[in-house]
Amino acid sequence: MLELKNIKFKKILNDLSYKIDDGKLIVITGPNGGGKSTLAKAIMGIVKPDSGQVVLDGKDLTGKSVTEISNAGICYGFQQPARFKGMTIKKLLDIAAGKRLPMLACNEYLSKVGLCSAGYLTREIDKSLSGGEIKRIEIATVLARNPKIAIFDEPEAGIDLWSFDRLTQTFREIHKSNPDKTIIIISHQERILELANEILLLDQGKITQTGTPDEILPNLGFVAKGTPECQLSEPPVLHGTEIPTTC
């Protein structure tokens, strides 16, 4: 269990408290500037709370270094993953796992995020990789790390539609195959919100609403599919002679 106890950070997080049970897929959403990324960084130790505690399974991680928190079982995926010119993807997976991985294991981690190891393991993590590729490689490193809690900060940012579709499938598969692990995702995207066991709405540094997607999405302006308010019609079929060709 991850416990957040009265977390305060400057004027961004305002006496925030919450408990996250094991095995949950939690999506944190809310307006820009509400404190979502800051909360994730406070959990990971990237920023130090002015007061309050971050407790994992009874162990107080407040003030610990990023390395100590990582070793305790928490992993963080950045909104904009770093690139490491000169480092291969295979080497990064080894570092994430804390050991030299066999090729079969590397292939498994990359295949879970839709990448072929034969075409990627020897590539460098540089500008030659697209936004979607670098996002999926980062998720593969999180899988190699095998944390108790994985945090992803807007993983959909800057990626193409195909990569986003594969991304949502990947989160669904990770959660299904690791029922004892906790996934925390910061996102505004409806398709990611729909994956959640529980959605937390964060506004002005406080959790203002919690609930299932069915409970929260209507409050965010999303209309459940299949309701009378969400009627989808077939596009009209036009013959070539019906298509206007003049302005």
Is any side-chain heavy atom of [Y] closer than 4.5 Å to one of [X]?
| X | Y | result |
| --- | --- | --- |
| Ile28 | Ile185 | no |
| Lys85 | Ile125 | no |
| Lys5 | Val55 | yes |
| Ile184 | Ile20 | yes |
| Ile216 | Thr210 | no |
| Ser65 | Thr67 | yes |
| Glu133 | Arg123 | yes |
| Lys8 | Leu13 | no |

Short side-chain donor-acceptor distance under 3.5 Å, [Y] and [X]:
| X | Y | value |
| --- | --- | --- |
| Gln209 | Asn219 | yes |
| Thr212 | Asp214 | no |
| Asp203 | Thr208 | no |

Greater than 12 external heavy atoms within 6.0 Å of Lys91's NZ: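 Incorrect, the count does not exceed 12.
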Ring center gap for Tyr76 and Phe152 short of 6.0 angstrom: no
Distance, nearest 0.5 Å, that separates CG of Leu4 from CG of Leu200: 9.0 Å
Nearest-0.5 Å distance that lies between atom CG in Leu16 and atom CG in Leu202: 6.0 Å
Lys148/Asp180 ion pair, N-O < 4.0 Å: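 Result for this pair is no, no salt bridge flagged.
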